[in-house]
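Below is one structure, written out as structure tokens, with a few remarks after it.
Numbers here are sequence positions counted from 1.
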Amino acid sequence: MNESEAKNVICKEYNVSRETLDKLEIYKSLLVKWQNALNIVSRGTLEAFWSRHILDSLQIIDRIHGKTVLDVGSGGGFPGMVLAICGKFQVTCLDSDSKKMLFLEEVARLTGTKVRILTARVEDISERFDTICARGFSSLQKLILLVLKHANCGVFLKGEKLDQELSEAQKYYNFKYEISDSKTDITGKIIVVRDVVVK
């Protein structure tokens, strides 16, 4: 999928308005500006901003339950900041990297986005959310523990090792799950986890 096709999908399938698209353009320009100093995303993915980062983030929208969302290990804000810009949820972006959180604060300020930016380790918070989401943050086993502690549901963007991670997590927890293919990565998967119980 090229960038033009990705933008078309973003607008049509996710009803992204012109105003929201303009905010995402601001996000892109800030990412390019801050990238050299902070190495926010893999360099090779900057040219695929709309497919690799925006569409990749938006594809989890229909799987999120409730209104409050914690994006753990938020980094450059994918998927959390994208969800916040699109105005669908009450999003908290959490990461322990204070410099990346400054970047997200600048994105929020210049796009006029309501989002909570929290510089902390997830182990240090005690709040609960409707849904936790993450992309490339940790193993499924550790993510499922976060669902148990902090949320009713987890929505995670995972790679080709998902089956292996799933088998490992099932040694320690019972949970319901649904897996679907990623729209943006041929080896990528989206897993939704709920009803987590320690074995």
Side-chain angles (χ1 to χ4, degrees), residues 1-95 97-119 129-137 155-157 180-186 188 190 192:
M1 182 183 300
N2 64 36
E3 289 295 88
S4 177
E5 290 169 338
K7 244 178 161 176
N8 196 41
V9 171
I10 287 164
C11 293
K12 289 188 174 177
E13 288 192 23
Y14 297 98
N15 297 315
V16 171
S17 67
R18 181 72 247 177
E19 181 185 1
T20 300
L21 208 61
D22 288 344
K23 290 179 179 182
L24 292 171
E25 289 280 10
I26 293 170
Y27 193 177
K28 180 182 180 182
S29 66
L30 287 169
L31 182 62
V32 171
K33 180 180 175 181
W34 286 60
Q35 173 67 18
N36 285 338
L38 296 185
N39 194 28
I40 297 167
V41 297
S42 300
R43 290 190 185 281
T45 66
L46 264 183
E47 293 180 2
F49 175 80
W50 295 101
S51 56
R52 183 67 190 91
H53 299 300
I54 302 304
L55 182 55
D56 196 51
S57 297
L58 286 176
Q59 68 178 329
I60 70 169
I61 276 183
D62 294 338
R63 296 166 178 85
I64 290 174
H65 295 257
K67 292 296 287 183
T68 59
V69 177
L70 174 66
D71 179 25
V72 63
S74 198
F78 309 109
M81 182 59 78
V82 179
L83 299 176
I85 287 173
C86 290
K88 303 287 185 182
F89 309 99
Q90 297 167 23
V91 179
T92 297
C93 290
L94 180 143
D95 201 291
D97 188 324
S98 59
K99 291 180 179 177
K100 288 181 179 176
M101 293 294 95
L102 280 173
F103 164 70
L104 291 186
E105 285 175 5
E106 185 72 350
V107 172
R109 185 179 72 82
L110 292 179
T111 59
T113 299
K114 283 188 176 182
V115 59
R116 182 176 170 216
I117 310 295
L118 190 58
T119 304
F129 300 82
D130 294 324
T131 298
I132 287 179
C133 64
R135 183 177 85 163
F137 174 65
V155 183
F156 307 119
L157 292 148
S180 52
D181 293 331
S182 169
K183 289 184 178 182
T184 61
D185 181 352
I186 195 167
I190 302 164
V192 178

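You'll find the side chain of Gln59 reaches within 4.5 Å of the side chain of Leu157, heavy atoms only. Using a 4.5 Å heavy-atom threshold, the side chains of Phe78 and Leu31 count as touching. Proximity of Val107 to Thr113: side-chain heavy atoms (C-beta onward) are nowhere separated by under 4.5 Å. The shortest side-chain heavy-atom distance between Thr131 and His65 falls under the 4.5 Å cut-off. Between Arg52 and Val41 there is no side-chain heavy-atom pair separated by less than 4.5 Å.
Considering every non-hydrogen atom in both Val91 and Gly80, the closest pair reads CG1-O, 3.5 Å. The two residues Ala108 and Val115 come nearest to each other via the heavy atoms CB-CG1, 3.6 Å. Counting all heavy atoms, side chain and backbone alike, Ile60 lies closest to Pro79 at CD1-CG, 3.8 Å.
Ile40 CD1 to Leu38 CG: the interatomic distance, rounded to the nearest 0.5 Å, is 4.5 Å. Here the straight-line distance linking atom CD1 of Ile61 with atom SG of Cys133 works out to 10.5 Å at 0.5 Å rounding. Going from atom CG of Leu21 over to atom NZ of Lys7 covers 5.5 Å, rounded to the nearest 0.5 Å. Taken from CD in Glu25 to CZ in Arg18, the straight-line distance is 7.0 Å, to the nearest 0.5 Å. Taking CD1 from Ile190 and OG1 from Thr184, the interatomic distance works out to 7.5 Å, rounded to the nearest 0.5 Å. One finds the CG atom of Leu70 at 8.5 Å from the CZ atom of Arg116 (value rounded to the nearest 0.5 Å).
Among residues two or more places apart in sequence or in another chain, the side-chain hydrogen bond (donor to acceptor under 3.5 Å, both in side chains) test is passed with Ser180 by Arg63. Qualifying salt bridge (charged side-chain N to carboxylate O under 4.0 Å, His left out) partners for Lys67, counting only residues two or more places apart in sequence or in other chains: none. Partners of Asp181 according to the salt bridge (charged side-chain N to carboxylate O under 4.0 Å, His left out) rule, which considers only residues two or more places apart in sequence or in another chain, are Lys189. The side-chain hydrogen bond (donor to acceptor under 3.5 Å, both in side chains) check on Ser74 picks up Asp71, with sequence neighbours excluded.
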Show every donor-acceptor pair shorter than 3.5 Å between a side-chain atom in residues 98-105 and any protein atom, with sequence neighbours excluded, or say none if there are none.
none

I'd like a table of donor-acceptor pairs (distance under 3.5 Å, sequence neighbours excluded) in which one partner is a side-chain atom from residues 43-51, with atom names and distances.
{"unit_1": "Arg43", "atom_1": "NH1", "unit_2": "Asn36", "atom_2": "OD1", "d": "3.3"}
{"unit_1": "Thr45", "atom_1": "OG1", "unit_2": "Ser42", "atom_2": "O", "d": "2.7"}
{"unit_1": "Thr45", "atom_1": "OG1", "unit_2": "His53", "atom_2": "NE2", "d": "2.8"}
{"unit_1": "Ser51", "atom_1": "OG", "unit_2": "Glu3", "atom_2": "OE1", "d": "2.9"}
{"unit_1": "Ser51", "atom_1": "OG", "unit_2": "Ala48", "atom_2": "O", "d": "3.4"}

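A salt bridge links Glu106 to Arg109: at least one charged side-chain nitrogen sits closer than 4.0 Å to a carboxylate oxygen.
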Requested in this report: Check step by step if side chain to side chain contact (heavy atoms under 4.5 Å, CB included) holds for Leu83 and Ser57.
Outcome: CA-CA 7 Å; Leu83 299 176; Ser57 297; 5.6 Å; no
**Report entry** Stepwise salt bridge (charged side-chain N to carboxylate O under 4.0 Å, His left out) test for Glu13 and Lys183
**Finding:** CA-CA 12 Å; Glu13 288 192 23; Lys183 289 184 178 182; 2.7 Å; yes
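Of the residues Leu58, Asn15, Val82, the one that meets the side-chain contact (heavy atoms from CB on, under 4.5 Å) test with Ile10 is Leu58.
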